[in-house]
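Worksheet: one structure, shown below.
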Amino acid sequence: MIRTCVLAIGLAALPGLASAQGAQVAFGSMEQDTDAPVEVTADQLSVNQSDGTALYSGSVIIAQGDMRLAAPRVLVVYAEAAGRIERLEATGGVTLVSGEEAAEAERADYNIEAGTVVMSGNVLLTQGGNALTAERMTVNLEDGTARMSGRVRTVIQQQENAPEATE
């Protein structure tokens with residue numbers, strides 16, 4: 001997976017340590033309003049009226065409140081009630097940014113009704129100089145937490161070794 005996102009994040013330490021079985025961590029500086037409008041920009045759009053989907057491709061960027069998701073391809077699945085998005089399926093290398101945290105993975109599934117984002121495949125979560133990796137991360141947007149599972153690895157910068165911020 002290509003790691004192209006350069007991040008400057010201001011958290012000094014992780015709220016908890018990761019274990020081999022899973023880790024509960026904070027994600028996002030505030031709770032996400034899943035009822036906020038969803039803005040999608042992309043190079044191309046293909047709509048399938050028969051199954052209620054829209055496929056966005058080419059530098060797709062999705063914004064909702066303070067959350068940003070970027071991927072080469074995003075399938076939008078609409079609920080039976082017209083005009084309401086049920087879920088988003090992003091593939092091809094995904095970057096998710098919320099507040100000052102950022103995560104990368106091969107895939108992300110955003111269930112708007114449930115208020116969850118499930119990222120899978122070589123997940124990398126960065127918080128300041130700290131990094132966590134796992135095979136899967138489930139983000140709860142209602143309370144701003146994430147659970148990582150699948151061989152979790154954590155790198156925590158000690159305060160005296162943390163890079164100094166520059167203005």
Side-chain angles (χ1 to χ4, degrees), residues 1-5 7 9 11 14-42 48 51-81 84-128 130-155:
M1 171 148 181
I2 300 172
R3 307 284 186 196
T4 58
C5 192
L7 305 168
I9 301 171
L11 295 179
L14 293 174
L17 296 176
S19 71
Q21 295 298 313
Q24 185 82 20
V25 296
F27 186 83
S29 61
M30 64 180 59
E31 296 170 1
Q32 174 66 26
D33 179 8
T34 58
D35 289 325
V38 176
E39 179 183 332
V40 182
T41 58
N48 185 335
D51 69 359
T53 62
L55 177 62
Y56 290 89
S57 58
S59 301
V60 182
I61 299 173
I62 297 174
Q64 185 181 38
D66 287 338
M67 186 175 69
R68 301 287 179 270
L69 184 144
R73 179 184 179 277
V74 176
L75 180 68
V76 177
V77 179
Y78 291 93
E80 290 189 26
R84 183 111 176 121
I85 297 173
E86 183 177 305
R87 69 182 189 277
L88 304 168
E89 300 172 2
T91 57
V94 180
T95 301
L96 176 68
V97 178
S98 181
E100 295 184 346
E101 285 94 8
E104 294 179 2
E106 293 170 8
R107 175 183 183 92
D109 296 303
Y110 177 17
N111 184 323
I112 293 177
E113 282 292 312
T116 59
V117 178
V118 177
M119 299 184 77
S120 58
N122 298 316
V123 177
L124 169 65
L125 171 63
T126 57
Q127 297 179 314
N130 305 310
L132 289 97
T133 61
E135 280 304 307
R136 181 179 176 98
M137 178 175 75
T138 302
V139 179
N140 181 330
L141 297 172
E142 292 182 16
D143 64 10
T145 62
R147 178 154 183 84
M148 299 186 77
S149 60
R151 199 63 189 156
V152 178
R153 180 174 179 254
T154 307
V155 176

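The first residue of the sequence shown is numbered 1, and numbering continues consecutively from there. All values below were derived from every heavy atom in this structure, side-chain atoms included, with hydrogens, water molecules and symmetry-related copies excluded. Bear in mind that the values here come from a model prediction, so they are computed numbers and not experimental data.
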- Quick one: list whatever passes side chain to side chain donor-acceptor pair (under 3.5 Å) with Thr53, sequence neighbours left out. Asp51
- Item | Identified side-chain contact (heavy atoms from CB on, under 4.5 Å) partner of Ile85 from the options Val38, Val77, Val40, Ile62 | Val38
- Query: Can you find a heavy atom in the side chain of Met148 that is under 4.5 Å from one in the side chain of Leu125?
  - Reply: yes
- Query: Are Gln127 and Leu132 close enough that some pair of their side-chain heavy atoms sits under 4.5 Å apart?
  - Reply: yes
- Where is the tightest heavy-atom contact between Ala36 and Gln64, given as atom of each residue plus distance? O-NE2, 2.8 Å
- Message: side-chain contact (heavy atoms from CB on, under 4.5 Å) for Asn122 and Glu135? Distances and angles first, verdict last.
- Response: CA-CA 5 Å; Asn122 298 316; Glu135 280 304 307; 3.6 Å; yes
- Message: Side chains of Leu141 and Tyr110, heavy atoms from C-beta outward: is any pair under 4.5 Å?
- Response: yes
- Message: I'd like to check the side-chain contact (heavy atoms from CB on, under 4.5 Å) partners of Glu113; sequence neighbours left out, ordered by chain and number.
- Response: Arg84, Asn111
- Message: Could you report the tightest heavy-atom contact between Met119 and Leu96, atom names first, then the distance?
- Response: SD-CD2, 3.8 Å
- Query: Among all residues two or more places apart in sequence or in another chain, which pass the side chain to side chain donor-acceptor pair (under 3.5 Å) test with Arg136?
  - Reply: none
- Item | Set of side chain to side chain donor-acceptor pair (under 3.5 Å) partners for Glu86, sequence neighbours left out | none
- Query: What are the two closest non-hydrogen atoms of Asn140 and Glu142, and how far apart are they?
  - Reply: OD1-N, 2.9 Å
- Task: In sequence, state the C-alpha distance, the side-chain angles, and the governing distance for Leu88 and Leu75, and then conclude on side-chain contact (heavy atoms from CB on, under 4.5 Å).
- Result: CA-CA 6 Å; Leu88 304 168; Leu75 180 68; over 6 Å; no
- Could you state the interatomic distance from CG (Leu124) to CD (Glu104), rounded to the nearest 0.5 Å? 5.5 Å
- Query: By side-chain contact (heavy atoms from CB on, under 4.5 Å), which residues pair with Ala90, not counting sequence neighbours?
  - Reply: Leu69, Ala71, Val74, Val94, Ala108
- Contacts of Arg107 meeting side-chain contact (heavy atoms from CB on, under 4.5 Å) (sequence neighbours excluded), chain-then-number -> Glu89, Thr91, Asp109, Ser120
- Could you walk me through whether Ile112 and Arg87 pass the side-chain contact (heavy atoms from CB on, under 4.5 Å) check? CA-CA 6 Å; Ile112 293 177; Arg87 69 182 189 277; over 6 Å; no
- Item | Heavy-atom closest contact (Pro72 atom, Gly93 atom, distance) | CD-O, 3.2 Å
- To the nearest 0.5 angstrom, please state how far the CD1 atom of Ile61 sits from the OH atom of Tyr56. 13.5 Å
